[in-house]
Amino acid sequence: MSHTSHIAVIGTGPAGLSAAEALSSRGYAVSVFDQMPSAGRKFLLAGRSGLNLTHNEPLEKFLDRYGAQRDWLEFAIRAYPPEALRSWAEGLGQACFTGTSGRVFPTVMKASPLLRAWLARLRAKGVVFEMQHRWIGWDEDDLLVFETPQGPKHIKAAATILALGGASWARMGSDGRWTKTLPESEVAPFKPSNCGFRTDLGQEFQERHQGDVLHSVNAAFEGAQARGDITITHEGIEGGPIYTLSPPLRDAVLKDGEACVELDLRPALSEGELTERIAKIRPRESLSNKLRKIGLSAVARAVLRGSLPAVQKPENLAHAIKNVHLRLIGIETVERAISSAGGLRRSALDDCFMLRSRPGVFAAGEMLDWEAPTGGYLLQACFATGVAAALGVESWLTRNAT
């Protein structure tokens, strides 16, 4: 089936490209616009760490990862679930595997082969790519306006999908400048998500231990917890557990100027088991040797130093090791965060991701006001909302044709 309707998709991230694929597969003429010279730059950046496409945990648990926005995103993800994303990648010749943590990756652990195959398939379907086109809004005739190296360009489209990204890693194209084009009331301010934090451990500690890793620790805050590796940075800490807890930690720092995250440096042992191990070490051993013999690395011992009890009995040491209170006093900038919260408010969109104030204009991906931890949840929602917006376009065009 072919259609005369011309659809404009703005943005070449996963949301935009998945929307273009869904529409072109249904016979629509699709043009994809992007301000960058080449497509999928942030997608390629994600692939530098292995391209975690999605996660294989049960769908109900998977959906819970989206927190308060679960009920908003749920229908899109159920319609395009993790197994669909995995099948899509394998359909492009990129076999996938599931890691021990349940994360799903392409076997080649890179984004570039997948992106090349995807772009080739889209072009074969007739999708036209217009690069170095920065969208700046609409003119008085409701035509899309783009800044290009050749000057302004005005484009007529039967429907438009905005997939312009959030505000993290602006040099990859998602600079958040689109917010100036839409009504301020429709956009929630951007905030960093899946980000690092500054600590009060001091400059000497940070410089000495920059790049060191606290392996397999448990981090907890306000009843939530996450386990994994935490890396010491020049100013603070980052890593999987911190990213998972970043929304409440960020909100606490923004509200109170600080937040206290609790670290368990030996989560594999109960406090009783740890007490027994410490008690078996000769009393004359130095404290440093005791801590080393129970498996604490140099950086773990350094982090613990500020939480050591005055009386260093085995039970006191065990309690301190499993209850290190680390004060966070600042947040990494949104530009350096893995992702961002904020963007188009839920109230600005209908159930098909169409802007209520602009019929025929849809939005998808990270430019929507949701956030999720790393682990495949970010990419999954971008793909799923891209497909959902495409289906919304088809439904809207069909209704308006009758």
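Just so you know, residue 1 is the first one in the sequence shown, and it goes up from there.
By the 4.5 Å heavy-atom criterion applied to side chains, Leu287 and Leu317 are counted as neighbours. Inter-residue side-chain proximity for Phe105 and Cys96 is flagged as unmet; no heavy-atom pair is nearer than 4.5 Å. Inter-residue side-chain proximity for His133 and Glu147 is flagged as unmet; no heavy-atom pair is nearer than 4.5 Å. For the pair Glu273/Arg277, no side-chain contact is recorded, criterion being any heavy-atom separation below 4.5 Å from C-beta on. Residues Ile77 and Leu63 have side chains in contact (heavy-atom distance under 4.5 Å, counting atoms from C-beta outward). Put simply, the side chain of Ile232 reaches to within 4.5 Å of the side chain of Val299, judged on heavy atoms. Counting only heavy atoms from C-beta outward, the side chains of Thr374 and Asn52 never approach each other to under 4.5 Å. With a 4.5 Å cut-off on side-chain heavy atoms, Asp200 and Leu328 do not count as touching.
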Test log, rule side-chain contact (heavy atoms from CB on, under 4.5 Å), inputs Phe97 and Val104: CA-CA 6 Å; Phe97 74 96; Val104 177; over 6 Å; no
ring-ring contact (aromatic ring centres under 6.0 Å, His included) evaluation trace for Trp118 with Phe383: CA-CA 13 Å; Trp118 194 8; Phe383 276 86; 5.4 Å; yes
Verdict with reasoning, Asp264 to Arg227, per side-chain contact (heavy atoms from CB on, under 4.5 Å): CA-CA 9 Å; Asp264 180 349; Arg227 185 169 170 178; over 6 Å; no
Full working for side-chain contact (heavy atoms from CB on, under 4.5 Å) between Leu73 and Tyr377: CA-CA 11 Å; Leu73 303 175; Tyr377 311 103; over 6 Å; no
side-chain contact (heavy atoms from CB on, under 4.5 Å) assessment of Glu238 paired with Phe197: CA-CA 7 Å; Glu238 64 181 18; Phe197 291 82; over 6 Å; no
Steps toward side-chain hydrogen bond (donor to acceptor under 3.5 Å, both in side chains) verdict (Asn194, Ser339): CA-CA 6 Å; Asn194 291 297; Ser339 59; 2.9 Å; yes
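What you find for Gln35 and Gly173 is that their closest heavy atoms are NE2-O, 2.7 Å. Nearest heavy-atom pair across Ser193 and Glu371 is OG-OE1, 2.6 Å. Arg198 and Ile331 make their closest contact through NH1-O, 3.6 Å (heavy atoms, listed as atom of the first residue, atom of the second, distance). Minimum heavy-atom separation, Phe221 to Cys260: CD1-O, 3.3 Å. When every heavy atom of Ala388 is checked against every heavy atom of Ala76, the shortest pair comes out as CB-CB, 3.8 Å. Here the closest heavy-atom approach between residue Met131 and residue Ala39 is recorded as CE-N, 3.6 Å.
Ring pair Phe62/His55: centre-to-centre distance not below 6.0 Å. A ring-centre distance under 6.0 Å is not found for Trp169 and Phe43. Between Phe353 and Phe75, a ring centre-to-centre spacing shorter than 6.0 Å is recorded. No close placement of the Tyr66 and Trp72 rings is indicated, their centers lying 6.0 Å or farther apart.
Within 6.0 Å of atom CG in Asp256, more than 12 heavy atoms from other residues, nucleotides or ligands are found, so the atom counts as buried in its surroundings. Heavy atoms from other residues, nucleotides or ligands lying under 6.0 Å from CZ of Arg356 number more than 12. Heavy-atom contacts from other residues, nucleotides or ligands closer than 6.0 Å to CD of Glu60 number more than 12. For Lys125, the NZ atom is densely surrounded, since the number of other residues' heavy atoms within 6.0 Å is greater than 12. Surrounding CZ of Arg70 are more than 12 heavy atoms belonging to other residues, nucleotides or ligands, all under 6.0 Å away.
Counting only N and O atoms by type, the side chains of Glu186 and Ser357 include a donor and acceptor under 3.5 Å apart. Under 3.5 Å, the side chains of Glu90 and Gln94 contain no donor-acceptor pair of N or O atoms. Judged by distance alone, the side chains of Thr54 and Gln380 do bring a donor and an acceptor atom under 3.5 Å apart. No donor-acceptor contact under 3.5 angstrom links the side chains of Ser270 and Lys322, judged on distance only. With 3.5 Å as the limit, one finds a donor-acceptor pair spanning the side chains of Thr98 and Arg86. Side-chain contact of Glu184 with Thr179: a donor-acceptor pair under 3.5 Å is absent, judged by distance alone. In summary, the side chains of Glu271 and His319 do present a donor paired with an acceptor at a separation below 3.5 Å, with no hydrogens or angles considered. In summary, the side chains of Glu262 and His325 do present a donor paired with an acceptor at a separation below 3.5 Å, with no hydrogens or angles considered. With 3.5 Å as the limit, one finds no donor-acceptor pair spanning the side chains of Arg301 and Ser297.
Remark: the backbone N or O of Val127 is not paired with any side-chain donor or acceptor of Ser24 at under 3.5 angstrom. With hydrogens and angles ignored, the 3.5 Å screen pairs no side-chain donor or acceptor of Thr231 with any backbone N or O of Gly239. At least one donor-acceptor pair under 3.5 Å links the side chain of Arg250 to the backbone N or O of Pro192. Using a distance-only test at 3.5 Å, with no hydrogens or angles considered, no donor-acceptor pair links the side chain of Thr199 to the main chain of Gly236. Judged by distance alone, the side chain of Asp369 and the main-chain N or O of Arg345 form no donor-acceptor pair under 3.5 Å. A donor-acceptor contact shorter than 3.5 Å is absent between the side chain of Ser174 and the backbone of Ala170.
Stacking of Arg177 on the aromatic ring of Trp135 is not recorded, the 6.0 Å distance cut-off and the 45° axial limit not both being met.
Taken to the nearest 0.5 Å, the CG atom of Asp139 stands 8.5 Å off from the CG atom of Leu144. Rounded to the nearest 0.5 Å, atoms SG (Cys382) and CD (Glu366) are 6.0 Å apart. Annotation: the span from Arg208 atom CZ to Leu201 atom CG amounts to 12.5 Å, rounded to 0.5 Å. Residue Ile155 holds its CD1 atom at 4.5 Å from CZ of Phe33, rounded to the nearest 0.5 Å. For the atom pair Asp64 CG and Glu57 CD, the distance stands at 8.5 Å (nearest 0.5 Å). Annotation: the span from Phe129 atom CZ to Ser31 atom OG amounts to 9.5 Å, rounded to 0.5 Å.
In this structure, Arg346 pairs ionically with Asp71, as a charged nitrogen and a carboxylate oxygen lie closer than 4.0 Å. A salt bridge between Asp251 and Lys191 is present, with a side-chain N of the basic residue lying under 4.0 Å from a carboxylate O of the acidic one. The pair Arg134-Asp175 meets the salt-bridge criterion, with a side-chain N (NZ, NE, NH1 or NH2) lying under 4.0 Å from an Asp/Glu carboxylate O. Between Lys156 and Asp141 no salt bridge is recorded (no basic side-chain N to carboxylate O distance below 4.0 Å).
Among the candidates Lys280, Lys293, Lys290, the single residue satisfying the salt bridge (charged side-chain N to carboxylate O under 4.0 Å, His left out) test with Glu285 is Lys293.
Ring geometry for Trp178 against Phe190 counts as perpendicular: the plane angle is over 60°, on a 0 to 90° scale with 30° as the lower cut.
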